[in-house]
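So the structure is just underneath, and the comments pick up after that.
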Amino acid sequence: MMRTRPLKVALLGCGVVGSEVARIMTTHADDLTARIGAPVELAGVAVRRPSKVREGIDPALITTDATALVKRGDIDVVIEVIGGIEPARTLITTAFEHGASVVSANKALLAEDGAALHAKAEEHGRDLYYEAAVAGAIPLVRPLRESLAGDKVNRVLGIVNGTTNFILDKMDSSGAGYSEALDEATALGYAEADPTADVEGFDAAAKAAILAGIAFHTRVKIGDVYREGLTEVTASDIASAKRMGCTVKLLAICERAADGKSVTARVHPAMIPLTHPLASVREAYNAVFVEAEAAGQLMFYGPGAGGAPTASAVLGDLVAVCRNKLDETTGPGESAYTRLPVSPMGDVVTRYHISLDVADKPGVLAQVATVFAEQGVSIDTVRQQGRPDSAGEASLVVVTHRAPDAALSGTVEALRKLDTVRGVASIMRVEGE
């Protein structure tokens, strides 16, 4: 039987995502009512600039007092899309304390303080849903948290930032350098005026922490995630990848150790073979490749950012939370029973592509090979080429077999001590094989 009293929703933030959430709640009101089993009503919208015109939103709903809004005893669900750590953390905990469940898109907060938020939600018998915090519209959090709950996930490998994927895709397709590709991304609205969170990997690292925690049933914070951005990726790196039949992507990689006793989480540029499904992800799209013991290999693909796609994920959570509210129950909370430690990057085993500037004379290759052997790093392929623009110098590209990151670091340090090595032009990991 349909309930006639509406479930009341408070919206914190009315920017690109928040305004789309409000619009969809209005235009799809009848459908949402049918799917939930009760009408939903936007009961208040907290903003910083109340004078701004917000089309389709009753001005009477606008307030600058977010705290008072979440403390109202009649609010059933709070949607938080303001981002950042504070005041979002305090507002969310206050919402739990005053009887509301929460839907959030706040990846930074969840990656930093997700355990405490889950504990507070459980203490007060409320829901905390956050599908929109990772990969926009792509259903990913719920499949990992629910659909694969009976399986054992061993690896999550993905492109989780649209800005960086757009930049690398343009560098690959046009031969542009990093700066030119970033300028194009900014002009098209894919990059923020300050793109640091994207290009330095902070955004992807927060998402990796969330995904690793869910996938491996352990607690992973953003500080546990090894992070490299793409600002050092050059057109030469892209060209080298092409010669290997690869492309370059900024990847978030979460893995369970072979012995099952630890996990790793990292974000960095990597070369992947053109045959890998992630290699075909173009423009600002996201894709995540999940490897599970029983399910095998799964790929989730779609728009990873933007107002409408992210709002779609928010509204999906809203429907689920409202249904739970009507049933007087809650959905799945935090699952961290494995208590697996997060291993340092030095323990990670992978392949490497190393480009060296060396003296163009006999014996150099033997010296370099000796350094790799002494460090216990096996070489897969070597390519040496003279440089007509620089007499007496050559480029030497070494691709290794799989080795621990710590061994690679020792190798690079030893190479730099050779008189015949003029410099290490670039180092990039090779994934997906």
With a 3.5 Å distance limit and no angle check, can you tell me whether [X] reaches the backbone of [Y] through a side-chain donor-acceptor pair?
{"X": "Asp169", "Y": "Glu283", "answer": "yes"}
{"X": "Asp327", "Y": "Thr329", "answer": "no"}
{"X": "Arg402", "Y": "Tyr352", "answer": "no"}
{"X": "Thr350", "Y": "Val430", "answer": "yes"}
{"X": "Asp317", "Y": "Tyr130", "answer": "yes"}
{"X": "Glu131", "Y": "Arg142", "answer": "yes"}
{"X": "Glu184", "Y": "Ala181", "answer": "no"}
{"X": "Thr93", "Y": "Thr90", "answer": "yes"}
{"X": "Asp357", "Y": "Ser395", "answer": "no"}
{"X": "Glu97", "Y": "Gly99", "answer": "no"}

Please find the pair of heavy atoms, one from [X] and one from [Y], that lie closest to each other, and give the distance.
{"X": "Ile354", "Y": "Val424", "answer": "CG2-CG1, 4.4 Å"}
{"X": "Ala208", "Y": "Cys254", "answer": "O-SG, 3.5 Å"}
{"X": "Gly84", "Y": "Ala88", "answer": "O-CB, 3.6 Å"}
{"X": "Cys322", "Y": "Leu7", "answer": "CB-CD1, 3.6 Å"}
{"X": "Leu182", "Y": "Ile167", "answer": "CD1-CD1, 3.8 Å"}
{"X": "Ala204", "Y": "Ala252", "answer": "O-CB, 4.4 Å"}

Find out whether [X] and [Y] are in side-chain contact, i.e. whether some heavy atom of one side chain is under 4.5 Å from a heavy atom of the other.
{"X": "Val134", "Y": "Lys107", "value": "no"}
{"X": "Val77", "Y": "Lys325", "value": "no"}
{"X": "Val382", "Y": "Val397", "value": "no"}
{"X": "Tyr301", "Y": "Val281", "value": "yes"}
{"X": "Leu148", "Y": "Val290", "value": "yes"}
{"X": "Glu334", "Y": "Arg145", "value": "no"}
{"X": "Val398", "Y": "Asp380", "value": "no"}
{"X": "Met25", "Y": "Leu315", "value": "yes"}

Assess, by modelled atom type and distance only, whether the side chains of [X] and [Y] contain a donor and an acceptor separated by less than 3.5 Å.
{"X": "His124", "Y": "Arg126", "value": "no"}
{"X": "Ser335", "Y": "His217", "value": "yes"}
{"X": "Tyr226", "Y": "Glu228", "value": "yes"}
{"X": "Glu80", "Y": "Ser104", "value": "yes"}
{"X": "Ser426", "Y": "Asp237", "value": "yes"}
{"X": "Thr26", "Y": "Arg23", "value": "no"}

Basic-acidic side-chain contact under 4.0 Å: [X], [Y]:
{"X": "Arg219", "Y": "Asp224", "answer": "no"}
{"X": "Arg72", "Y": "Asp74", "answer": "yes"}
{"X": "Lys8", "Y": "Asp76", "answer": "no"}

**Prompt:** Taking everything shown except Lys242 itself, do over 12 heavy atoms lie less than 6.0 Å from its NZ?
**Reply:** yes
**Message:** With a 6.0 Å cut-off on the ring centroids, do His401 and Phe372 count as close?
**Reply:** no
**Asked** Given the rule in the side-chain contact (heavy atoms from CB on, under 4.5 Å) test, do Thr264 and Val342 qualify, once you have shown the distances and angles that lead to the verdict?
**Response** CA-CA 5 Å; Thr264 60; Val342 181; 5.6 Å; no
To the nearest 0.5 Å, how far apart are [atom1] in [X] and [atom2] in [Y]?
{"X": "Glu200", "Y": "Glu232", "atom1": "CD", "atom2": "CD", "result": "8.0 Å"}
{"X": "Asn106", "Y": "Arg89", "atom1": "CG", "atom2": "CZ", "result": "10.0 Å"}
{"X": "Ile272", "Y": "Cys246", "atom1": "CD1", "atom2": "SG", "result": "8.0 Å"}
{"X": "Arg266", "Y": "Ile253", "atom1": "CZ", "atom2": "CD1", "result": "4.0 Å"}
{"X": "Asp405", "Y": "Met345", "atom1": "CG", "atom2": "CE", "result": "4.5 Å"}
{"X": "Lys207", "Y": "Leu140", "atom1": "NZ", "atom2": "CG", "result": "10.5 Å"}

**Request:** In sequence, state the C-alpha distance, the side-chain angles, and the governing distance for Tyr129 and Asn324, and then conclude on side-chain hydrogen bond (donor to acceptor under 3.5 Å, both in side chains).
**Result:** CA-CA 12 Å; Tyr129 276 50; Asn324 291 343; 3.2 Å; yes
**Prompt:** Taking only residues at least two apart or on different chains, which pairs with a member in residues 38-57 satisfy side-chain hydrogen bond (donor to acceptor under 3.5 Å, both in side chains)?
**Reply:** none
**Item:** Ring-face cation contact, Phe289 with Arg155, 6.0 Å cut, 45° max
**Value:** no
**Request:** Sequence neighbours left out, what passes ring pair (Phe, Tyr, Trp, His ring centres under 6.0 Å) with Phe96? Give chain and number order.
**Result:** none
**Item:** Verdict with reasoning, Asp65 to Thr63, per side-chain hydrogen bond (donor to acceptor under 3.5 Å, both in side chains)
**Value:** CA-CA 5 Å; Asp65 194 344; Thr63 179; 5.8 Å; no
**Message:** For Ile75 and Val70: C-alpha separation, side-chain torsions, deciding distance, then whether side-chain contact (heavy atoms from CB on, under 4.5 Å) applies.
**Reply:** CA-CA 7 Å; Ile75 298 296; Val70 300; over 6 Å; no
**Request:** Take the angle between the ring planes of Phe166 and Tyr190 and call it parallel below 30°, perpendicular above 60°, tilted in between.
**Result:** tilted
**Message:** side-chain contact (heavy atoms from CB on, under 4.5 Å), that's the test. Do Leu109 and Ile92 meet it? Break it down for me.
**Reply:** CA-CA 10 Å; Leu109 177 58; Ile92 289 173; 3.8 Å; yes
**Message:** One pair to check against side-chain contact (heavy atoms from CB on, under 4.5 Å): Val288 and Ile138. What are the steps and the verdict?
**Reply:** CA-CA 9 Å; Val288 177; Ile138 304 173; 5.8 Å; no
**Request:** Pick out which of Asn161, Thr164, Asn165 makes a side chain to side chain donor-acceptor pair (under 3.5 Å) with Asp198.
**Result:** Asn161
**Message:** Could you go through Lys120 and Glu123, starting from their C-alpha distance and side-chain angles, then the distance that decides it, and tell me whether this counts as salt bridge (Lys or Arg N to Asp or Glu O under 4.0 Å)?
**Reply:** CA-CA 5 Å; Lys120 182 65 74 170; Glu123 176 187 345; 3.7 Å; yes
